[in-house]
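None of these values were measured; they are calculated from a predicted model. Just so you know, residue 1 is the first one in the sequence shown, and it goes up from there.
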Amino acid sequence: MPREVNNTQPYLDKAVKLVPTEIVGAYLVLVGVVGGSASTTAAPTDQLTKILVCVIFVVLLAAVPLYQIFVSKVTNKVQIVITTIAFALWVYNLGGPFSVLGIYEPKIAAALLTLWSFVIPLVVKPSTESS
């Protein structure tokens, strides 16, 4: 499925295209492999796991725009930025490195992700560049 947002797509299609599901999935798998847990928002207890969870987040955060550009062929710069922010919000909602750093607040995470996912498809416009 092409990931670029266009004028003919309904709200729900835009909402799906603005969530980097492949990268979120990779995050969940990798954190599980290194001993972190996506099913709990508690921070890992050992130092190596804490470091690996943070490294995985940073690497995948940097990978989101690259994946959007080179794999999903998205050219809309706003969409790329929005999708990258969406990844960070999804990870924040899961705890991850934010729990490790002591800046995770579940109520704020849930509110941010819900509002972001609801509002952003309403405001993201298709790129005016020709593809």
Side-chain angles (χ1 to χ4, degrees):
M1 158 173 71
R3 297 296 288 240
E4 188 92 27
V5 172
N6 66 48
N7 283 324
T8 63
Q9 294 167 330
Y11 171 86
L12 289 177
D13 287 349
K14 285 185 191 178
V16 168
K17 289 183 178 192
L18 295 171
V19 175
T21 52
E22 300 90 339
I23 307 292
V24 172
Y27 172 81
L28 293 171
V29 169
L30 290 171
V31 166
V33 167
V34 301
S37 175
S39 63
T40 177
T41 55
T45 54
D46 68 286
Q47 197 61 29
L48 178 60
T49 303
K50 288 179 180 181
I51 291 168
L52 289 173
V53 166
C54 291
V55 168
I56 290 167
F57 170 69
V58 170
V59 168
L60 290 177
L61 184 67
V64 173
L66 298 174
Y67 186 88
Q68 290 289 301
I69 294 165
F70 297 110
V71 176
S72 297
K73 306 298 184 202
V74 174
T75 58
N76 185 342
K77 291 177 179 81
V78 171
Q79 182 178 346
I80 293 166
V81 170
I82 294 295
T83 304
T84 304
I85 294 169
F87 172 72
L89 288 173
W90 273 95
V91 172
Y92 183 58
N93 199 54
L94 297 169
F98 303 98
S99 290
V100 169
L101 298 171
I103 57 173
Y104 174 71
E105 178 56 51
K107 292 176 184 176
I108 293 172
L112 284 174
L113 182 60
T114 302
L115 291 172
W116 182 267
S117 298
F118 176 72
V119 172
I120 288 303
L122 296 171
V123 298
V124 171
K125 302 294 182 216
S127 177
T128 56
E129 301 173 13
S130 59
S131 303

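Applying the salt bridge (charged side-chain N to carboxylate O under 4.0 Å, His left out) rule to E105 yields no partners; only residues at least two apart in sequence or on another chain are considered.
Remark: F87 CZ to Y27 OH distance equals 7.0 Å, nearest 0.5 Å. The OG1 atom of T83 sits 10.5 Å away from the CD1 atom of I23 when rounded to the nearest 0.5 Å. Residue L60 holds its CG atom at 12.0 Å from CD of E22, rounded to the nearest 0.5 Å. If you take OH on Y92 and CD1 on I85, they are separated by 15.5 Å, rounding to the nearest 0.5 Å. How far OH of Y11 is from CG of D13: 12.0 Å, rounded to the nearest 0.5 Å. Annotation: the span from I108 atom CD1 to I103 atom CD1 amounts to 10.5 Å, rounded to 0.5 Å.
No single ILVMFWY cluster, assembled from side-chain heavy atoms under 4.5 Å apart, contains both V34 and V29. L115 and W90 fall into different hydrophobic clusters, where Ile, Leu, Val, Met, Phe, Trp and Tyr are joined by side-chain heavy atoms under 4.5 Å apart, directly or via other members. The same ILVMFWY cluster, assembled from side-chain heavy atoms under 4.5 Å apart, contains both V81 and I120. Under the 4.5 Å side-chain heavy-atom criterion for Ile, Leu, Val, Met, Phe, Trp and Tyr, V78 and W116 are members of the same hydrophobic cluster. Hydrophobic clustering (ILVMFWY, side-chain heavy atoms < 4.5 Å, transitive): V55 and F98 are in distinct clusters.
Taking both residues in full, the closest heavy atoms of A15 and V19 are given as O-CG2, 3.5 Å, listed atom of the first, atom of the second, then distance. Taking all atoms of both residues into account, the shortest heavy-atom contact from L18 to I82 is CD2-CG2, 4.1 Å. Scanning both residues, V91 and P97, for their nearest heavy atoms gives CG1-CD, 3.6 Å. Looking at every heavy atom in both residues, Y104 comes nearest to N93 through OH-O, 3.3 Å. Between Q79 and Q68, the shortest heavy-atom distance links the atoms NE2-OE1, 4.3 Å.
Cluster partners of I80, using a side-chain heavy-atom cutoff of under 4.5 Å among ILVMFWY residues and allowing indirect links, are L66, I69, F70, V74.
Checked against V31 for a side chain to side chain contact (heavy atoms under 4.5 Å, CB included), the options T49, L94, V53 give a single hit: V53.
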